[in-house]
Amino acid sequence: MDMKSVESKWQQRWEKSKESVFNKKNIDKKFYVLEMFSYPSGAKLHIGHWYNYGPTDSYARFKRMQGFEVFQPMGFDAFGLPAENYAIKTKIHPKDSTEKNIATMETQLKAMGAMFDWSAEVKTCEEDYYKWTQWMFLKLFEKGLAYRKEAPVNWCPSCNTVLANEQVTEGCCERCGTPVVKKDLTQWFFKITEYADELLQALDTLDWPEKTKLMQRNWIGKSIGCEIEFACESGDTFKVFTTRCDTVFGVSFVALAPEHPLVRKLVSDECRPAVEAYIAETAKTNEIERLSSAREKTGAFIGHYAINPVNGEKVPIYAADYVLYSYGTGAVMGVPAHDERDFVFAQKYGLPIKKVIENKNGNTVLPYTEDGICVNSLQFDGQFGDDARSAIANHLTKMGKGARKVNYRLRDWLVSRQRYWGAPIPVVHCPHCGIVPVPYKDLPVKLPYNVEFEPDGKSPLAKCDEFMHVKCPVCGQDAMRDPDTLDTFVCSSWYYLRYADAHNAKQPFDPEIVNKMLPVDKYVGGAEHACMHLLYARFFTKALRDMGYLNFDEPFKSLVHQGVILGPDGNRMSKSKGNVVSPDEYIQSYGSDVFRLYLMFGFSYTEGGPWSDDGIKSVAKFLDRVERLVTKYKDEKPSKEEKTASAAEKELNFVRHNTIRQVTRDLENFSFNTAVARLMEYVNALYKYDGEAEKDAAFYKECRRDLLLLLAPFAPHFTEELWEQTGGKYSVFDQPYPVCDEAALVREEVEYAIQINSKIKTKMMIGKDLTEEQLRAAVLANDAVRPLTEGKVIKKWIVVPGRLVNIIL
RNA sequence: GCGGAUGUGGCGAAACUGGCAGACGCGCCGGACUUAGGAUCCGGUGGGCAACCUUGCAGGUUCAAGUCCUGUCAUCCGCACCA
């Protein structure tokens, strides 16, 4: 078959008959299949795109043939750093390069033959999209979920912008690998922490990979503990956070983060030079080193003491950079006997190590960090673990010196960026009125085209006078726009909502439509978004729900991560490693169907693996086999006659229905490789039957018809063509997917493995209607079994129906 | 350091709630048809002459373990002083 012309023939036909356009009339049968949209940083689709979109499209087509009204949109996550960096290098404006890339990618995506509903296409860099991204910002601002504050933030000196916590990997910029530095800057944040608990709890309701849920759980990092107030000799007080208030009697020092304001306030004159030096030293240390648990613990005594509220003991106060100012209260109580870090610290500075928890079974080796029995803890002696903690927490509460407290590792999401290619933040800074949101009617705040976007650490927009100068919407006096743009993850936090109502000019979406179309039934995309996009999108959904725009809690009911296709050398594909495999040449010589089918067959979908094209020919061969078989009889019109099925027909019918059952199940599970294997087995069985002298032509025709229907989602153009050639009515995708006939799966005889003392000795066919007694007799009569059992005492029979018999002598 | 995953033929990989390990395919070997085969079709293919052995390694539970338990090694991923 000439794949090229066949593919373009059907792509045109599908487009003309609007095969892929969602029909709103059938909204009650909707099935929303979503692939993460493309980032148009390069012009061409790479293998990763094909691997994400091809198999998922097959799944979508399968769902469609099962009678669902499938909605499978596609779009572009078009703002962002790569386009801008490319622009800096080449001097081509990001808007121009992005638009060009999008145009090429659209063509390529169409050539893939996926049933994307292009009528719902979304491009985040277009005004009619980012207008609503800005709308989202204003709504969050109104709700108090967007705020501006000065804070130590992650700064990438290479990208010249701040980054969210989620975009920092091992202390380095997630994009370019440059170590980030901390800077105190005034930035915009979204209050995702407001939803920390719900984001955590609701994970249990999601059909997501466990690993991804676990990553989100860890990222949110809930810890239940207690805040305890310490008073200083000076009269100042501060709080520490601890999950182990049962160890409070073991405190032998307290440590404050060097940035903690009390450090400078309380430091004694004598200690001041050393402490100042220490603070300066800490500020110099870069974030990666500071955050490394392997690093030696250091600190400086500030010459001042605090009082342990439970026993009145005077303990020294240290500044120590293993205490993080940004977590909890920025202060910890040091319990060397029961915390490894405190233990190391105390050893270094010669601080007392006081055991207050005893191992249940005696030998307590310090530091002992497990739960145990309180000792040296006055009235709490003898209490254990949780009981001790609640008793002590209650005691502290009664004293007014503490309270239970839950802390999260999750920080608010920093969304402002000092870069050009993004949605401008719709806010005006007025010398009189302060921060003024741009009125909704004035949206979008347009991103100007003529801007010097070469980054120098200042927002490029700040240098664009016509953009910056504006009248205050409240008082009408001269004011300035916000020069920052929004993190691209803001754009992608709600695109799945826009798809459902992509052309709405009055609002981001009509809640009535979106509440029917969402949540997404199957979301497919890379695992690298576990703690970024997937978390942010959940936050947006919950925030919009609380504002009354949505009536569901979670955007993505069910999630699948495709694996990663590596280079042939087993490394991630990258230009610098020179191991990039381009899909283009394969598409050129084999066509889209073969390439897609190979991606499904050659890899375990969620695993991925190193690229190898060893099997690609076999997949082409497989389709050839199908074509030959099907076209051989294409003009035959068998008349139906009542015939009793021969053994060969029963066997073929068994394989046929077994294939239907397995393929259906495998597709549900995204187990494409085994599904294709089943189809190959079925084709092998058909060929076997084809060699029979006597064939039931009508039955055989039905079998071939089912083959095409089964195959259609896997090789859409190819099958549509054969369907037409064999007289099928357009389109094969309007046909129902075959349904398994359970009766055909019942076999008269099944092969059993016969074991003696758990070792396989032989195999035999056993009728399905045999009683256990008859079965035993039949087994004992078997020629291979008889000599081994004669004269021996049979201790036990184990019969696994349909599988094996085990005789224990 | 903590958490998670993976480890199966020469290769890509299968194996539902413990029940015939290696489905399907690549490669390889043999045969058929051919002027020819890099096309197609058919057969064989984990190891060992055998009994038997075989799912990273060492133990354990069980009639039965790739699957469950304990320990251990290797690789990959995530988090990394979160009190």
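Here the structure is a predicted model, which means the values were calculated and not measured.
Between B/C52 and A/Lys761, a contact under 4.0 Å exists linking OP1 or OP2 to a side-chain N or O. Residue A/Lys621 has a polar side-chain atom (N or O) positioned under 4.0 Å from OP1 or OP2 of B/C26. Dashed line: the shortest gap from a side-chain N or O of A/Arg409 to OP1 or OP2 of B/A80 is under 4.0 Å. Contact annotation: A/Asn684 reaches the phosphate of B/G25 (side-chain N/O to OP1 or OP2, under 4.0 Å). Distances shorter than 4.0 Å separate some side-chain N or O of A/Arg803 from OP1 or OP2 on B/C20. Within the 4.0 Å cut-off from OP1 or OP2 of B/C20, not a single side-chain nitrogen or oxygen of A/Tyr752 is found. Between A/Arg625 and the phosphate of B/C41, there is a side-chain N or O to OP1/OP2 separation shorter than 4.0 Å.
Here the separation of B/G7 from B/A14, taken at their C1' atoms, is 16 Å to the nearest Å. When the P atom is compared between B/A65 and B/C20, the two are found 11 Å apart, to the nearest whole Å. Taking atom C1' in both B/G27 and B/G9, one finds a spacing of 12 Å when rounded to whole Å.
Base-pair partner of B/A13: not found among the strands shown (Watson-Crick or G-U wobble, both distances under 3.5 Å). Under the Watson-Crick and G-U wobble criteria, each requiring two contacts below 3.5 Å, nucleotide B/G22 is left unpaired. Both distances falling under 3.5 Å, in either a Watson-Crick or a G-U wobble arrangement, place B/G71 opposite B/C57. The pairing partner recorded for B/C28 is B/G44, the criterion being a Watson-Crick or G-U wobble arrangement whose two distances lie under 3.5 angstrom. The partner of B/A50 cannot be assigned: no Watson-Crick or G-U wobble pair with both contacts below 3.5 Å exists in any strand. Pair assignment for B/C76: B/G4, on the basis of Watson-Crick or G-U wobble contacts that are both within less than 3.5 Å. If you check B/A39 for Watson-Crick or wobble pairing at under 3.5 angstrom, you find it has no partner at all.
Ring centers of A/Tyr318 and A/Tyr349: under 6.0 Å apart, within the cut-off. The six-membered or imidazole ring of A/Phe253 lies near that of A/Phe345, with a centre-to-centre distance under 6.0 Å. The distance between the ring centers of A/Trp611 and A/Tyr586 falls below 6.0 angstrom.
Going from atom NZ of A/Lys405 over to atom P of B/A83 covers 13 Å, rounded to whole Å. With rounding to whole Å, A/Tyr687 atom OH is found 13 Å from B/C42 atom C1'. The NZ-P distance, from A/Lys759 to B/G19, rounds to 18 Å in whole Å. One atom, CZ of A/Phe343, and another, C1' of B/A83, lie 17 Å apart when rounded to the nearest Å. Here B/G3 presents its C1' atom at 17 Å from NZ of A/Lys213, a figure rounded to the nearest Å. Between A/Lys617 atom NZ and B/C28 atom P the separation is 10 Å, expressed in whole Å. Atom CG of A/Asp613 and atom C1' of B/G25 are 14 Å apart (whole Å). Atom P of nucleotide B/G4 and atom CE of A/Met215 are separated by 14 Å, given to the nearest angstrom.
Contact annotation for A/Ile760: backbone-only contact, meaning every heavy-atom pair under 4.0 Å involves sugar-phosphate atoms and none involves a base. A/Asn757 comes within 4.0 angstrom of no nucleic acid atom, judged by non-hydrogen atoms across all strands. A/Arg411 comes within 4.0 angstrom of a base, heavy atoms only. Heavy atoms of A/Ile798 sit under 4.0 angstrom from at least one base atom. Residue-level contact check: A/Glu210 touches neither bases nor backbone, having no heavy atom under 4.0 Å from any strand.
Relative to the six-membered ring of A/Phe654, A/Arg656 misses at least one condition, a distance below 6.0 Å or an angle of at most 45° to the axis. In this structure, A/Arg596 forms no cation-pi arrangement with A/Trp50, as its terminal cationic atom is not both closer than 6.0 Å to the ring centre and no more than 45° off the ring axis.
A/His561 and A/Thr212 are linked by a side-chain donor-acceptor pair at a separation below 3.5 angstrom, with hydrogens and angles left out of the test. When only modelled atom types and interatomic distance are considered, A/Asp197 and A/Tyr408 share a side-chain donor-acceptor pair under 3.5 Å. Residues A/Glu166 and A/Tyr536 have side chains that bring a donor and an acceptor to within less than 3.5 angstrom of each other. No side-chain donor-acceptor contact under 3.5 Å links A/Tyr327 and A/Asn407.
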- Message: Generate the contact string for nucleotides 5-15 of chain B. Rules: B means base contact, S means sugar-phosphate contact only, - means no protein heavy atom under 4.0 Å.
- Response: -------BSS-
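The neighbour count for A/Arg217 CZ, taken as heavy atoms of other residues, nucleotides or ligands under 6.0 Å away, is above 12.
A/Phe670 and A/Tyr605 have tilted rings, their planes meeting at an angle from 30° to 60° on a 0 to 90° scale.
Applying the 3.5 Å distance criterion, the base of B/C63 shares no donor-acceptor pair with the side chain of A/Lys796. The base of B/C77 is not paired with the side chain of A/Arg572 by any donor and acceptor separated by under 3.5 Å.
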Using atom types as modelled, flag every donor-acceptor pair under 3.5 Å from a side chain in residues 618-632 of chain A to any protein atom, sequence neighbours excluded.
{"unit_1": "A/Ser618", "atom_1": "OG", "unit_2": "A/Gly615", "atom_2": "O", "d": "2.6"}
{"unit_1": "A/Arg625", "atom_1": "NH2", "unit_2": "A/Asn684", "atom_2": "OD1", "d": "2.8"}
{"unit_1": "A/Glu627", "atom_1": "OE1", "unit_2": "A/Met1", "atom_2": "N", "d": "3.2"}
{"unit_1": "A/Thr631", "atom_1": "OG1", "unit_2": "A/Glu627", "atom_2": "O", "d": "2.6"}
{"unit_1": "A/Lys632", "atom_1": "NZ", "unit_2": "A/Asp690", "atom_2": "OD2", "d": "2.6"}

Nucleotide N/O to protein N/O under 3.5 Å, stretch nucleotides 74-76 of chain B:
none

